[in-house]
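Residue numbers start from 1 in every chain, and the chains themselves are labelled A, B, ... in the order their sequence lines are given, proteins ahead of strands.
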Amino acid sequence: MLIDWFTVGAQVVNFLVLVWLLKRFLYQPILHAIDERERRIAAELADADAQRAAAQHERETFQHKNEAFDQQRAALFTHAMDEAKAERQRLLEEARQAADALRAQRRDALRQEADQLDQALRRRTVQEVFAIARKTLTDLAGASLEERLVAVLIERLRTMDDAAHAVFALALQTATDPACVRSAFDLPAAQRTAIQDVIHTAFAPAVPIRFETAPDLVSGIVLTANGQQIAWDIADYLRSLERGVGELLKEKGPPHTAAGPDPSDTAAPHP
Amino acid sequence: MHLSPDETLLWQYGFIKLNATIAFTWGLMFVLAVGSKLITRKLSTELTRSRRQNLLEILVTGIERQIAEVGLPQPRQYLGFLGTLFLFVAAAALATVIPGYEPPTGSLSTTTALALCVLVAVPAFGIADQGLGGYLKSYMEPTFMMLPFNLISEVSRTLALAVRLFGNMMSGAMIIAILLTITPFLFPILMTALGLLTGMVQAYIFSILAAVYIAAATRTRKPAPSEPAPGT
């Protein structure tokens, strides 16, 4: 018989013991080690996933911030550009206004200067005219300018036509203020008396008369009464003189304003 | 000339005897247990580990995967029994390279003992999984008329397990012994190599068949596929 039943029983027991031994020393430790390692790997993978997710989140946040920053920068840049443009416009406008003001000021100053020059020229002319007249009269006729002026006034008063005489007489009689004789220089007493006599005899006997001196008076002598005035003046002479001087200046002016001779020609010395 | 290491008696007291089968089995048990203990004493749970630990892990996970492929959904529950079957038979076959060694699986007593263990383990796992009623009911599937055939199948397959393993292991050892007396040099070495291969194959077959039997016993009855809806 090939089967020994004692051996069969012993081998069954042996096998069961071996099962227990291998479970105890082989399967359980090995499986435990494998499980432990797999758990560790899973934990590490989960950790890596979490870190990757966090990194992804960080990257997205950073991208969003970057985009926002770019937009903000572009907005700021546009704003700055607009402001700079506006500021440039404002500065240009200011400069233009300042230039305009300066030009206007300069024009006014020039005009004022021209006016002053004109006034001075006129005054000087008057003085020169009077001086020439005075010297001429003294040299040639032995009479003073004042005498001639008063004589001319008296002559005019006497030779008035009737209508003008009536008007002026009425004006003298109805005047509330005294009649006024203004002259560019002090009148001597003889002339004053002569004028008073003429007025009293020719127009109104008891009209008060006042004498004033006005050095800037263009005309030589003026009699005013109640809005009417009789004068001898040199305004006409002055106007013709101004015209003559103006035409002369225009002829001598710069070439681009008038077709005059070349400045080099005028600057050349005459032989 | 003896057919089985049972016949080599080392010690006897009444019916208690110590023959070569039991002695070599103890030797194998000692080597397996102490070797496992030595290697698993310092197991690493880190990513790096020793080569021996790698070997054992490959072995254990390989057995586990094979059990799962047979159709057992919880392989760790059966790993102790089926894994030990495989390791014991494989170790017994491997050890034939040692001169003077006779594999305990070359004894019909040992293979009968292993087959008896399978014979007991199959209903035990079946009952643990389906309950006693469910397991006993499986003997009358598909009809109660199949009960005797199922019972015959149960006994015959246990017998087949025992005899197949015994025949293969005993014949391998015996062929080597015979060839040693005829052609003492190269040919026995080739036969020993062939014996190693057949030993591995037998270990695989034995444990896989046991796994298949357990899987058949524990397979829970799945609900029949629902009838197709009318009109489709």
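Nearest heavy atom pair, residue A:Ile34 against residue B:Glu57, reads CG1-CD, 3.8 Å. A pairwise comparison of heavy atoms in A:Ala33 and B:Gln53 identifies CB-NE2, 4.1 Å as the closest pair.
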Test B:Thr110 against A:Phe15 for side chain to side chain contact (heavy atoms under 4.5 Å, CB included), laying out the working first. CA-CA 9 Å; B:Thr110 306; A:Phe15 178 73; over 6 Å; no
Step-by-step side chain to side chain donor-acceptor pair (under 3.5 Å) determination, B:Thr25 to A:Gln11: CA-CA 8 Å; B:Thr25 302; A:Gln11 288 297 74; 2.8 Å; yes
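Looking at B:Thr21, B:Leu116, B:Asp6 one by one, the single match for side chain to side chain contact (heavy atoms under 4.5 Å, CB included) with A:Val8 turns out to be B:Leu116.
Judged by distance alone, with hydrogens and angles left aside, the side-chain atoms of B:Thr40 form no donor-acceptor pair with the main-chain N or O of A:Pro29 at under 3.5 Å.
Contact count versus chain A (heavy atoms, under 4.5 Å) is highest, among B:Val34, B:Leu32, B:Leu28, for B:Leu32. Of the listed residues A:Val12, A:Leu21, A:Leu16, A:Thr7, the one with more heavy-atom pairs under 4.5 angstrom with chain B than any other is A:Thr7. The candidate with the highest count of non-hydrogen atom pairs below 4.5 Å against chain A, out of B:Val60, B:Leu18, B:Leu108, B:Thr45, is B:Thr45. Annotation: maximal heavy-atom pairing with chain A below 4.5 Å, among B:Ser109, B:Ala113, B:Ser107, occurs at B:Ser109.
If you measure heavy-atom distances from B:Leu114 to chain A, the contacts under 4.5 Å come from the side chain alone. For B:Glu64, the part lying near chain A is the side chain, with the backbone staying farther off; criterion is any non-hydrogen pair under 4.5 Å. Within the 4.5 angstrom heavy-atom criterion, no atom of B:Thr111 approaches chain A. Heavy atoms closer than 4.5 Å to chain A are found nowhere in B:Arg41, neither backbone nor side chain. With a 4.5 angstrom heavy-atom cutoff, B:Leu79 touches chain A via backbone and side-chain atoms both. Both the backbone and the side chain of B:Ile22 have a heavy atom closer than 4.5 Å to some heavy atom of chain A.
Between the CH2 atom in A:Trp5 and the OG1 atom in B:Thr112 there is a gap of 6.0 Å [rounded to 0.5 Å]. With values rounded to the nearest 0.5 angstrom, B:Lys37 atom NZ is found 6.0 Å from A:Arg24 atom CZ. Distance CG/B:Leu87 to CG/A:Leu18: 8.0 Å, rounded to 0.5 Å. Rounding to the nearest 0.5 Å places CG of A:Leu26 at 5.5 Å from CG of B:Leu56.
A donor-acceptor contact closer than 3.5 angstrom links the side chains of B:Thr84 and A:Tyr27.
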